[in-house]
Protein chains: 2
Amino acid sequence: MTSSPQTSAFVPAGGAVHAPKADMDVMRCLVCDIRNKSLCNSMDEEGLAALAQSSRQLLLPPGMTIVEEGEPALAFFNVTRGTVKLFKSLPDGRRQITGFADAGQFLGLSTAQTYSFGAETVDNVRLCRFLRPQLETLLSDYPTFERRLLAAVTDKLAEAQEQMLLLGRKTAREKVASFLLDRMKAFHQTANRRQEVENMASVPMTRVDIADYLGLTIETVSRTISAFRRSLLIASAENHRIRILSVATLLNIASGQKTD
Amino acid sequence: MTSSPQTSAFVPAGGAVHAPKADMDVMRCLVCDIRNKSLCNSMDEEGLAALAQSSRQLLLPPGMTIVEEGEPALAFFNVTRGTVKLFKSLPDGRRQITGFADAGQFLGLSTAQTYSFGAETVDNVRLCRFLRPQLETLLSDYPTFERRLLAAVTDKLAEAQEQMLLLGRKTAREKVASFLLDRMKAFHQTANRRQEVENMASVPMTRVDIADYLGLTIETVSRTISAFRRSLLIASAENHRIRILSVATLLNIASGQKTD
DNA sequence: CGCCAGACTTGATTTAAATCAAGGTTGCAT
DNA sequence: ATGCAACCTTGATTTAAATCAAGTCTGGCG
């Protein structure tokens with residue numbers, strides 16, 4: 001594999017690569033383009049310098065393991081670009097994706113000695129890694145940061161409860177509609193430019209990932225998306241994007257109002 | 001409805017009742033029998049006095065609403081006796097129970113203005129209610145309490161991820177086996193006496209609640225429990241208890257190993 | 001003490017989604 | 001440009017669990 005313009009910043013295979021020295025200095029967090037959409041917005045200028053010195057930036061290509069189920073929980077991560085999938089597995093290989101962490105989201109919190117979940121990159125991902133002792137120092141030194149993390153975990157719990165409602169009680173059609181709307185919301189939160197982001201959803205993950213997230217099979221996901229396309233509720237766009245043609249209808253479907 | 005010895009401490013209907021003055025004084029938390037199994041174990045003697053003065057104790061009979069989906073999130077609760085169910089609903093009445101909070105567990109955290117979930121008592125419940133401003137004062141005044149809450153929410157998130165795996169990828173049989181084992185664990189954590197608690201599970205909730213927790217129907221729950229009983233994996237006991245006759249087999253079933 | 005409502009169980013049938021089975025697309029590597 | 005491997009789509013059939021349909025059990029009340 002030779003390097004191409006698109007992937008030149010990333011390792012071809014085998015492991016994480018640390019970003020160049022310039023990206024690790026005390027300024028990194030101060031100039032971070034998504035810091036106001038993340039935990040880091042709780043920090044003043046001095047705190048941002050402390051964050052930069054407590055963390056290392058990693059760049060990872062698609063399909064890389066960030067965290068392995070059952071391995072020692074040594075680090076905490078903040079995603080600053082791309083999308084990460086979090087999942088749990090059964091011994092026979094069945095897998096449930098419990099969430100996607102887009103730019104601005106954190107992952108890797110654990111009170112146990114080992115991670116109870118795995119995490120892998122979906123596309124090209126940039127993240128900041130905090131080793132546990134360093135995170136704990138930050139929490140103690142910056143009460144606003146700790147309060148912000150508590151709020152962020154509380155929000156994740158509310159999201160998880162919403163996903164339980166989806167998994168336990170929604171139909172395939174309702175699940176896919178909910179997913180597409182969530183991806184639209186994620187894209188809105190993530191995109192920095194106001195460039196025709198309206199009604200666009202970012203869907204960088206495969207059908208297998210979507211199925212494992214919604215508790216369905218790839219065939220059911222594919223059929224349902226095809227049906228939405230045929231009904232002109234959505235349209236495919238370039239770059240793994242989907243344009244949502246009728247947000248209102250999809251909202252009705254997602255919340256269980258019958259809209260056939 | 002006239003009062004009976006069993007329910008005399010509770011209101012017959014209509015609303016919460018505050019416990020007698022003696023239970024609200026500065027000593028309440030100091031003498032609380034489950035404080036070491038809850039968030040409150042992060043507090044020293046002075047902190048326990050502050051907790052007691054920041055909260056009121058409530059006693060509620062079965063089937064009472066504690067928190068209503070969509071209502072202003074004014075309070076945070078710590079369950080000190082009994083079992084509470086947390087749930088989310090769809091407009092057409094479909095319901096997903098997202099968790100059961102037994103003695104020692106908290107509920108009611110929210111960063112939004114309104115609760116995104118409902119909460120109701122399953123049996124006779126005792127809980128401590130903290131109004132939001134008072135909780136925030138406690139968090140600021142007692143850093144160990146805030147750290148403990150962060151850990152507790154992190155644990156809840158891990159539980160929620162485990163439940164997503166169950167809802168999305170487990171069979172009915174695996175779901176019910178997992179549930180019974182969880183109820184056994186909850187009973188062990190809750191019971192203070194070592195009185196033949198071994199292999200006992202506390203199941204105070206109805207089949208409807210179990211079904212809404214596991215993403216099944218009551219018929220499927222009933223059939224599955226009957227099948228386990230016929231296979232001598234479990235046996236019914238008094239007081240809404242179930243004795244687990246083969247923990248090992250149930251563990252195998254719960255984790256997807258085929259054990260027919 | 002026996003009635004009754006709510007909770008639970010069991011059986012028969014239906015159905016939404018899974019599984020099985022081909023193809024079709026796409027994009028990257030040679 | 002071409003081949004191929006991974007990904008996606010569509011169709012036919014099966015199946016696990018839902019739904020429909022009776023009962024049975026239980027405990028609190030008159």
Side-chain angles (χ1 to χ4, degrees), chain A residues 1-8 10 12-13 61-63 92-95 122-123 166-177 203-212 214-230 234 236-240 242 253 256 258 260, chain B residues 1-8 10 12-13 61-63 92-95 122-123 166-177 203-212 214-230 234 236-240 242 253 256 258 260:
Chain A
M1 190 197 270
T2 57
S3 64
S4 69
Q6 208 185 347
T7 57
S8 60
F10 298 95
D92 64 3
R94 278 175 285 169
R95 187 182 66 149
V122 168
D123 49 11
L166 177 149
L167 289 169
R169 289 301 184 216
K170 289 189 181 179
T171 65
R173 188 177 157 79
E174 291 161 2
K175 286 176 174 182
V176 174
V203 187
M205 61 291 290
T206 65
R207 293 286 182 270
V208 174
D209 287 342
I210 300 172
D212 282 350
L214 299 178
L216 298 171
T217 58
I218 56 171
E219 292 94 333
T220 298
V221 170
S222 186
R223 278 186 246 276
T224 307
I225 290 179
S226 295
F228 284 162
R229 197 163 20 223
R230 259 182 272 114
I234 62 172
S236 305
E238 70 225 334
N239 270 115
H240 294 277
I242 287 178
I253 295 171
K258 47 175 147 291
D260 17 35
Chain B
M1 190 198 269
T2 57
S3 64
S4 69
Q6 209 184 347
T7 57
S8 61
F10 298 94
D92 63 4
R94 276 175 286 169
R95 187 181 67 149
V122 168
D123 50 11
L166 177 148
L167 290 168
R169 288 302 183 215
K170 288 189 183 179
T171 65
R173 189 177 157 80
E174 291 161 1
K175 286 176 175 182
V176 173
V203 186
M205 61 291 290
T206 66
R207 293 286 182 270
V208 174
D209 287 343
I210 300 172
D212 283 350
L214 299 178
L216 297 172
T217 59
I218 55 171
E219 292 94 332
T220 297
V221 170
S222 186
R223 278 187 247 276
T224 307
I225 289 180
S226 294
F228 284 162
R229 198 164 17 225
R230 259 181 273 114
I234 61 172
S236 304
E238 68 225 334
N239 270 115
H240 294 277
I242 287 177
I253 295 171
K258 47 177 148 292
D260 18 33

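Heavy-atom basis, side chains included; hydrogens, waters and symmetry copies ignored. Please read these numbers as outputs of a predicted model, since none were measured by experiment. In the text below, chain A, chain B and the rest are named by the order of the sequence lines, each starting its count at 1.
Per the geometry, NZ belonging to B:Lys175 stands 14 Å off P belonging to D:dA16, to the nearest Å. D:dA16 atom P lies 19 Å from atom CG of B:Leu214, rounded to whole Å. Here the P atom of nucleotide C:dA17 and the CZ atom of A:Arg173 are 11 Å apart, to the nearest Å. Here the C1' atom of nucleotide D:dA16 and the NZ atom of B:Lys170 are 17 Å apart, to the nearest Å. Remark: P of D:dA6 and CG of A:Asp209 are 15 Å apart, rounded to the nearest angstrom. The distance between atom CZ of B:Arg94 and atom C1' of D:dT19, rounded to the nearest whole Å, is 15 Å. The CG atom of B:Leu216 sits 14 Å away from the C1' atom of D:dT19 (whole-angstrom rounding). Regarding A:Ile210, its CD1 atom lies at a distance of 17 Å from the P atom of C:dA17, rounded to whole Å.
Using modelled atom types, no side-chain atom of B:Arg169 and backbone atom of A:Arg94 make a donor-acceptor pair closer than 3.5 Å.
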With 3.5 Å as the limit, what N/O pairs link the protein to nucleotides 8-11 of chain D?
unit_1, atom_1, unit_2, atom_2, d
D:dC8, OP2, A:Arg207, N, 2.8
D:dT9, OP1, A:Arg207, NH2, 3.3
D:dT9, OP1, A:Arg229, NH2, 3.2
D:dT9, OP2, A:Arg207, NE, 2.6
D:dT9, OP2, A:Arg207, NH2, 3.2
D:dT9, OP2, A:Ser222, OG, 2.7
D:dT9, O5', A:Ser222, OG, 3.1
D:dT10, OP2, A:Ser226, OG, 2.5
D:dG11, N7, A:Arg223, NH1, 2.7
D:dG11, O6, A:Arg223, NH2, 3.2

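Counting heavy atoms from C-beta on, the side chains of A:Arg229 and A:Ser226 come closer than 4.5 Å. Counting heavy atoms from C-beta on, the side chains of B:Leu216 and B:Thr224 never come closer than 4.5 Å.
Applying side chain to side chain contact (heavy atoms under 4.5 Å, CB included) to B:Arg207 and the options B:Thr217, B:Val221, B:Asp212 leaves one that passes, B:Val221. The side chain to side chain contact (heavy atoms under 4.5 Å, CB included) with B:Val176 is formed by just one residue from the set B:Leu214, B:Thr220, B:Ile253; it is B:Leu214.
Helix-axis bend for the helix from C:dC1-D:dG30 to C:dT30-D:dA1: the local axis fitted to the five terminal pairs at one end deviates from that at the other end by 30°, rounded to 10°.
Applying the salt bridge (charged side-chain N to carboxylate O under 4.0 Å, His left out) criterion to A:Arg223, with sequence neighbours excluded, gives no partner residue.
Distance CE/B:Met205 to CG/B:Asp123: 8.0 Å, rounded to 0.5 Å. To the nearest 0.5 Å, atoms CG (B:Leu166) and OG1 (B:Thr171) are separated by 9.0 Å.
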Q: Show your reasoning for whether side-chain contact (heavy atoms from CB on, under 4.5 Å) applies to B:Arg95 and B:Val208.
A: CA-CA 10 Å; B:Arg95 187 181 67 149; B:Val208 174; 4.0 Å; yes
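No contact: A:Gly63 has no heavy atom under 4.0 Å from any strand.
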